[in-house]
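Data first, discussion second: the structure below is written as structure tokens.
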Amino acid sequence: MVSVGIGDVGIRGALAVALAGTGVVKAVGTAAAWRKVERLPAGVVDDALVAVVVPARDEEANLDRCLRSLRAQAHERLRITVVDDGSTDATAAIARRHAEADPRVRVITAAEPPPGWAGKAHALHVGARAADAEFLLFLDADTEAAPELVGRLVAAARRWRVDLVSVAGHPPARGHSWWSLFAPMTESLLTVASPDGSRGRALAVGHCVLVRRVAHERSGGWEAIRGARVDDLGYAALVRDTGGRTRFADASGALLVHGVDGVGAAWRSVTRSSVALVAETGGGAALFGAAALAQLGYGALHVLMAVRGRGVVRWAGLLAWAAQAATSALYLRRVGQPVARAALAPVGATAFGALLARATWLAGRGGADWKGRDVRG
């Protein structure tokens, strides 16, 4: 019997080359998807009325910053509705203080979601029902908008002739290493959803979604997906599937997110989203369990091949590692983080694999609460 060493061009070598090739193909596909994510255009003078809906549940640490940034928008034709979603802290008081200082701001208290409704979807529905404007802007309470954000979103909808524009927030400063955890998650989203809605799911991120009111009403609005836990992707798909055009764009630093400041907060945020996605996907446990194992392998095997392998195996491992780093660099550059950190991409990929495995378990047997509500529904 002929023994095949780890460095021989045999079965192991062929498997290593196949694994490296998969990594390269994945990187090329992700790069192609990123090229479709255009930067928001510059804002122009526009008299469109924009109704901003901010759902807020126990957001006393973030809401004041969010509302100050909205009140300072260059696009002044705004109506800002804060929907207090059963907060137990000072959220409502902060919102009322802004309403007293600025007539464009008002506060609505949402009742507990009726049976079959997800909490955030219900709060958004309550806010949208009370709004009357050409555009609706759904904005998370833990965000901070640059003065030009609303104007740029409206300009994007006009220039690209789309009905929905969504952007994701960036970290508030460079050096936030925990944002590397979002790179493999974003890569996974770009695999199953498209920035222009042309294939798979339509991509949107709940941080910030601008939609034409006519498209919102034509789609049936949040009531049509009342039970959705993955509300951003569900809403974008709803608008697209009812005749609307959607676009996910690069905010170019015009939107910051403060709700994931810290490793623990980032881990909890990604876990919440993953548990909701597992629970909402048919056959989710088996599918995401396999995805978790694949992600763990994708993160660890390349490093083991590069460090412990010989010959073809080592070179294949180095190639796969480089492809993974290149994919991570695309994300880090977009969110304004040090690109050099892309060399540690396997760490983020492995961590994301562990997170997916935990989310699969929580969705099936445990529980994942977010501010007192089970994200599984």
Side-chain angles (χ1 to χ4, degrees), residues 20 22-43 140 142-146 148-149 152-153 155-156 160 165-196 203-208 232 247-263 265-267 269-270 273 295 298-299 302-303 318-353 355:
T22 300
V24 171
V25 169
K26 189 175 182 180
V28 170
T30 303
W34 272 120
R35 281 196 294 272
K36 293 183 178 180
V37 182
E38 299 183 53
R39 297 183 186 278
L40 288 177
D140 279 356
D142 63 355
T143 60
E144 179 182 5
E148 71 276 9
L149 175 68
R152 293 178 68 184
L153 288 168
W160 298 336
V165 180
S166 176
V167 297
H170 290 189
R174 288 173 63 84
H176 286 195
S177 59
W178 52 87
W179 273 74
S180 299
L181 183 63
F182 294 100
M185 181 177 184
T186 304
E187 182 181 343
S188 298
L189 282 175
L190 289 170
T191 300
V192 300
S194 53
D196 60 0
L203 182 57
V205 173
H207 297 161
C208 176
D232 42 15
R247 185 70 63 87
F248 176 73
D250 185 346
S252 307
L255 184 70
L256 304 180
V257 175
H258 295 271
V260 288
D261 291 351
V263 177
W267 182 269
S269 176
V270 179
S273 299
Q295 191 68 44
Y298 183 62
H302 300 160
V303 177
L318 290 170
L319 176 61
W321 192 341
Q324 196 172 15
T327 301
S328 181
L330 293 172
Y331 171 79
L332 293 171
R333 185 177 293 111
R334 292 279 185 154
V335 298
Q337 294 298 293
V339 175
R341 194 174 292 147
L344 299 176
V347 176
T350 304
F352 185 57
L355 185 150

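Both backbone and side-chain heavy atoms feed into the values below; hydrogens, waters and symmetry mates do not.
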*Which residues share a salt bridge (Lys or Arg N to Asp or Glu O under 4.0 Å) with Asp232, sequence neighbours left out*: none
*Output all residues satisfying side-chain contact (heavy atoms from CB on, under 4.5 Å) with Glu144, sequence neighbours left out; order by chain, then residue number.*
Arg65, Ser69, Leu256, His258
*Taking only residues two or more places apart in sequence or in another chain, which ones pass side-chain contact (heavy atoms from CB on, under 4.5 Å) with Ala325?*
Ala342
_How close do Gly23 and Tyr298 get, counting heavy atoms only, and between which atoms?_
CA-CE1, 4.3 Å
*For Ala322, side-chain contact (heavy atoms from CB on, under 4.5 Å) partners two or more places apart*: none
*Considering all heavy atoms of both residues, which atom of Leu332 and which atom of Pro338 are nearest to each other, and what is their separation?*
CD1-O, 3.7 Å
*Mind checking what makes salt bridge (Lys or Arg N to Asp or Glu O under 4.0 Å) contact with Arg333, not counting sequence neighbours?*
none
_Those residues that, when tested against Ser166, pass side-chain contact (heavy atoms from CB on, under 4.5 Å) (two or more places apart)_ = Leu164, Ala204, Val205, Val209, Phe248
_Minimum heavy-atom distance between Ala349 and Gln295, given as atom pair plus value_ = O-CG, 3.2 Å
*Atom pair CG (Asp140) and CG (Leu255), whose distance is rounded to the nearest 0.5 Å*: 9.0 Å
*asked:* So, taking the atom named CD in Glu187 and the one named CG in Leu330, what distance separates them when rounded to the nearest 0.5 Å?
replied: 9.0 Å
*asked:* Looking at every heavy atom in both Arg334 and Trp34, which two are closest together, and how far apart are they?
replied: NH2-O, 2.9 Å
_Donor-acceptor contact present, side-chain Thr327 to main-chain Ala323, <3.5 Å_ = yes
*asked:* Working to the nearest 0.5 angstrom, can you tell me the gap between His170 NE2 and Thr143 OG1?
replied: 13.0 Å
_Heavy-atom closest contact (Pro41 atom, Ala155 atom, distance)_ = CG-C, 4.0 Å
*Can you find a pair of side-chain heavy atoms, one from Leu40 and one from Arg247, that are under 4.5 Å apart?*
no
*Specify the closest pair of heavy atoms between Val303 and Pro346, including all atoms of both residues, with the distance to one decimal.*
CG2-CB, 3.5 Å
